[in-house]
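As the structure is a prediction and not an experimental result, all values here were calculated from the model.
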Amino acid sequence: MTADGQIVSKFTLVKLENGNKNHGSVKQGLLDGCVPFSHQVAGHKCGINNTGVLKHPDGTILKQLQPPPRGPREMHFYTQVYAKDCTDTRLLELQQYLPKFYGTWAPRESPHELYLKLEDVTTRFLRPCIMDVKIGRRSYDPFASKEKREEQINKYPLMEEIGFLLLGMRVRQRLCTNHSDSYITHDQFYGRSLGKDTIKNGLTRFFHNGQDLRRRAISLIISKIRRILRWFETQTQLHFYASSLLLVYEGSSHTLDEQKHKQTQHQPQNNSSSHQSRSTHTPNTNGTLGGAGGDDDGDVGIEDKKQFGQEEAVEVRMIDFAHVFPSDTADQSYMYGLRNLLAALELILKE
């Protein structure tokens, strides 16, 4: 274990240091058919042409490992949770709240540039509306320098009081003039402009399509966030800093059959692929993984979609784990953020 609390082999550190210090050394057109991920609303822009997250031809997404120690720490987190021999019931339960993990990947032209190969949780949506919400009372980890702490605090001083920050959103808007629709986006600067009196307005904007408030989507997302909160209330082994929730709901009113057809077309290829230069590790199947996420009463099964319509399909997943540390106490900071986010969403429903 290193001084900052992560468990990473010396070989892994050296490999990452040598491989990821030359960001952008491979031309985008040569990256084995990968393209920029069109649904990224927040996060680091690095790697090929500074595009950020990439979309692999097999339907998965590729997130380039950040420089040490952040990259190795995030990779360790995923490999620990999805280890084939994992018997920890808390970690097995956690799998259903994360994107599936398909190991690491590297392009043929630059085999030392490692990427995390992850599930694209937006695949089953025709017109996904997406929001990235950073959770917790602080966005720096316990080993951050004084300068880093001050920098993060100054970015959003209300983080300590509110417990969450809207990092970005992409919302499908219906236009009355010509009966068409389009996306509107808001970045992290919009989120940081929100105060105690306006944070609810920011959340409301995400769930409003220009004509109606998507109350059913809010209700289903609340149910999923409550499940994640219950997991945190029963675990004392991990603390999450600068981690986010990815909220997704369907912005289209097309039929369920179209959605099922799209999902079938974009099934990831878990085995070797002609486009894949190197992929290690196969996702663990011990947990309840999948598009709709198991048998929870807050999840939307096929029968629910038939009853309420496809536009009510939602997803809530935890993402960004470069600052996850072992602990022996409950993660009060993360739970504080979840409870405040839930309170704000519940207030929107009551109005």
Side-chain angles (χ1 to χ4, degrees), residues 8-9 12 15-16 19-20 26 31-40 43-44 46-48 51-66 70-86 88 91-125 128 130 243-244 246 248 262-294 315-322 324:
V8 182
S9 70
T12 299
K15 185 177 182 181
L16 290 169
N20 288 343
V26 181
L31 195 63
D32 296 347
C34 300
V35 296
F37 182 54
S38 61
H39 297 312
Q40 183 175 359
H44 294 279
C46 62
I48 309 308
T51 54
V53 176
L54 299 174
K55 180 84 170 183
H56 192 279
D58 68 4
T60 58
I61 64 171
L62 304 171
K63 178 182 180 181
Q64 188 169 32
L65 262 67
Q66 299 176 62
R70 291 171 296 171
R73 190 187 297 126
E74 184 165 30
M75 185 171 70
H76 168 70
F77 171 80
Y78 274 112
T79 55
Q80 179 186 28
V81 173
Y82 282 96
K84 290 182 178 181
D85 58 351
C86 178
D88 187 319
L91 296 184
L92 293 175
E93 182 184 355
L94 179 60
Q95 291 178 4
Q96 63 189 300
Y97 308 127
L98 314 179
K100 295 178 185 178
F101 175 56
Y102 297 93
T104 58
W105 178 93
R108 288 187 296 263
E109 295 81 3
S110 187
H112 296 298
E113 292 187 7
L114 294 181
Y115 291 75
L116 296 173
K117 198 167 191 287
L118 302 167
E119 173 192 9
D120 175 9
V121 300
T122 71
T123 294
R124 68 187 184 89
F125 297 89
I130 307 166
S243 185
S244 292
L246 192 70
V248 189
K262 179 185 178 186
Q263 186 175 2
T264 302
Q265 284 184 319
H266 291 84
Q267 288 295 328
Q269 300 299 316
N270 296 343
N271 299 321
S272 60
S273 163
S274 60
H275 296 287
Q276 187 171 325
S277 301
R278 182 177 71 245
S279 182
T280 62
H281 184 79
T282 309
N284 189 4
T285 57
N286 293 332
T288 54
L289 297 168
E315 278 288 3
V316 178
R317 301 291 183 98
M318 297 170 61
I319 59 171
D320 297 336
F321 307 110
V324 178

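Closest heavy-atom contact between Ala106 and Ser110: CB-O, 4.2 Å. Of all non-hydrogen atoms in Pro57 and Gly33, the two that sit nearest each other are CG-O, 3.6 Å. Heavy atoms only, all atoms of each residue included: Thr60 and Asp58 are closest at OG1-OD1, 2.7 Å.
A heavy-atom distance below 4.5 Å is not found between the side chains of Cys86 and Val81. Thr104 places none of its side-chain heavy atoms less than 4.5 Å from the side chain of Tyr115. Using a 4.5 Å heavy-atom threshold, the side chains of Phe77 and Leu94 count as touching. Two residues are said to be in side-chain contact when any heavy atoms from C-beta on lie closer than 4.5 Å; Val248 and Phe125 meet this criterion. In this structure, the side chains of Ile130 and Leu246 come closer than 4.5 Å at one or more pairs of heavy atoms. Between Tyr78 and Leu118 the shortest side-chain heavy-atom distance falls below 4.5 Å.
Under the 6.0 Å distance and 45° angle rule, Lys117 counts as a cation-pi partner of Tyr102.
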Next on the checklist: Show, in sequence, the C-alpha distance, side-chain angles and deciding distance for Phe37 and Thr122, and conclude whether the side-chain contact (heavy atoms from CB on, under 4.5 Å) test is met.
Outcome noted: CA-CA 11 Å; Phe37 182 54; Thr122 71; 3.8 Å; yes
Audit row: Leu91, Gln80, side-chain contact (heavy atoms from CB on, under 4.5 Å) steps and yes/no: CA-CA 8 Å; Leu91 296 184; Gln80 179 186 28; 3.9 Å; yes
| task | Go through the steps for Leu116 and Glu74 under the test side-chain contact (heavy atoms from CB on, under 4.5 Å), then give the verdict. | result | CA-CA 9 Å; Leu116 296 173; Glu74 184 165 30; 3.8 Å; yes
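Going from atom CH2 of Trp105 over to atom SG of Cys34 covers 4.0 Å, rounded to the nearest 0.5 Å. With values rounded to the nearest 0.5 angstrom, Arg70 atom CZ is found 10.5 Å from Leu65 atom CG. For the atom pair CZ of Phe101 and OH of Tyr82, the computed distance is 9.5 Å after rounding to the nearest 0.5 Å. Glu93 contributes atom CD, which lies 10.5 Å from atom CG of Asp88 (distance to the nearest 0.5 angstrom). Taken from CE in Met318 to OG in Ser244, the straight-line distance is 10.0 Å, to the nearest 0.5 Å.
Between Glu119 and the options Lys55, Lys100, Arg317, Arg124, a salt bridge (Lys or Arg N to Asp or Glu O under 4.0 Å) holds for only Arg317.
Taking a cutoff of 4.0 Å between a charged side-chain nitrogen and a carboxylate oxygen, Asp320 and Lys63 qualify as a salt bridge.
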